[in-house]
Amino acid sequence: MTSVKEFISKLEYYCSYQERCHQEVTQKLYDLGCPVSDHAQILVHLIQHAFLNEERFALHFAQSKNRQKKWGKQKIKNALKLKGITPNLIQQSLQSIDQDEYLQTFSTTAEKTWSETLEKNFWKKQQKVISKLLQKGFERELIFEFLEAKKED
């Protein structure tokens, strides 16, 4: 039988190589077979020793998904909700994304999507581009501004 100290040791390692949220750590505790009665004690230890921090996780998650995966704010917001992050932390993490960098990411992604969409019919092409950009999580207003500029070209 594994002791609480051994679970703590495993979870300290688990949290040290990547930012984690409470939900991921709780799931790991279940996966390791840790008794539910020990979960609170282990989570408190991880929080007190800075292995687990929801705010740090949310900020890192939002910025890295935008930079590396080119996700829009809507997709980031939905992913954070699924991870059980509070609305205040979600809002704070979305505000931490540099607006100029975000708009540049959108512009690059939109242009690439437009050029890679091979549809000849303008309206069908427009619908496909809208769909792809919405899947990436970008806001409708940005998408329609982009497409308005494409109409003028």
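Numbering of residues begins at 1 and proceeds along the displayed sequence.
When atom types are taken as modelled, the side chain of Gln23 and the backbone of Leu82 share a donor-acceptor pair closer than 3.5 angstrom. No donor-acceptor distance shorter than 3.5 angstrom exists from the side chain of Ser9 to the backbone of Lys5, with no hydrogens or angles considered. Within the 3.5 Å criterion, the main-chain N or O of Cys34 finds a donor-acceptor partner in the side chain of His39. Judged purely by atom type and a 3.5 angstrom limit, Ser131 has no side-chain atom pairing as donor or acceptor with the backbone of Gln127. Without hydrogens or angle criteria, Tyr102 side chain to Lys73 main chain gives a donor-acceptor distance under 3.5 Å. The backbone N or O of Thr113 lies less than 3.5 Å from a partner atom in the side chain of Thr117, making a donor-acceptor pair. Remark: side-chain polar atoms of Asn66 are not paired, donor with acceptor, to backbone N or O of Ala62 under 3.5 angstrom.
Residues Tyr17 and Tyr13 place their aromatic rings such that the two centres sit under 6.0 Å apart.
Interatomic distance, Lys65 NZ to Ile76 CD1, rounded to the nearest 0.5 Å: 9.0 Å. Put simply, CG on Leu133 and NZ on Lys112 are 12.0 Å apart, with the number rounded to the nearest 0.5 Å. To the nearest 0.5 Å, the span separating CD on Gln91 from CG on Leu80 amounts to 11.0 Å. Note that the CD atom of Glu24 and the CG atom of Leu11 stand 12.0 Å from one another [nearest 0.5 Å]. A distance of 11.5 Å separates CZ in Phe7 from CD in Gln41, rounded to the nearest 0.5 Å. Here SG of Cys21 is found 12.0 Å from CG of Asn53. Values are rounded to the nearest 0.5 Å.
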Checklist entry - Between Arg56 and Glu19, is a salt bridge (Lys or Arg N to Asp or Glu O under 4.0 Å) present by the stated rule, with each step listed? => result CA-CA 8 Å; Arg56 190 176 64 208; Glu19 289 295 338; 2.9 Å; yes
Checklist entry - Checking side chain to side chain contact (heavy atoms under 4.5 Å, CB included) for the pair Glu12/His45: CA distance, chi angles, key distance, verdict? => result CA-CA 9 Å; Glu12 284 178 348; His45 171 85; 2.7 Å; yes
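By the 30° and 60° cut-offs, the orientation of the rings of Phe146 relative to Trp114 is perpendicular.
Under a hydrophobic clustering in which Ile, Leu, Val, Met, Phe, Trp and Tyr are joined whenever their side-chain heavy atoms come within less than 4.5 Å, directly or via other members, Val44 and Ile8 fall into different clusters. A single hydrophobic cluster is seen to contain both Phe138 and Ile97, as judged by linkage of ILVMFWY side chains at heavy-atom distances under 4.5 Å, directly or through other members. Under the 4.5 Å side-chain heavy-atom criterion for grouping Ile, Leu, Val, Met, Phe, Trp and Tyr, Val4 is connected to Ile47 within one hydrophobic cluster. Grouping the Ile, Leu, Val, Met, Phe, Trp and Tyr side chains by contacts below 4.5 angstrom, directly or via other members, places Leu29 with Phe51. Under the 4.5 Å side-chain heavy-atom criterion for ILVMFWY residues, no single connected hydrophobic cluster contains both Leu46 and Phe57.
Side-chain contact of Gln104 with Thr108: a donor-acceptor pair under 3.5 Å is present, judged by distance alone. Checked by atom type, the side-chain pair Gln27/Asp31 shows a donor-acceptor distance below 3.5 Å.
Within 6.0 Å of atom NZ in Lys136, more than 12 heavy atoms from other residues, nucleotides or ligands are found, so the atom counts as buried in its surroundings.
Under the side chain to side chain contact (heavy atoms under 4.5 Å, CB included) test applied with Val129, the options Ile143, Leu134, Leu147 reduce to a single match, Leu147.
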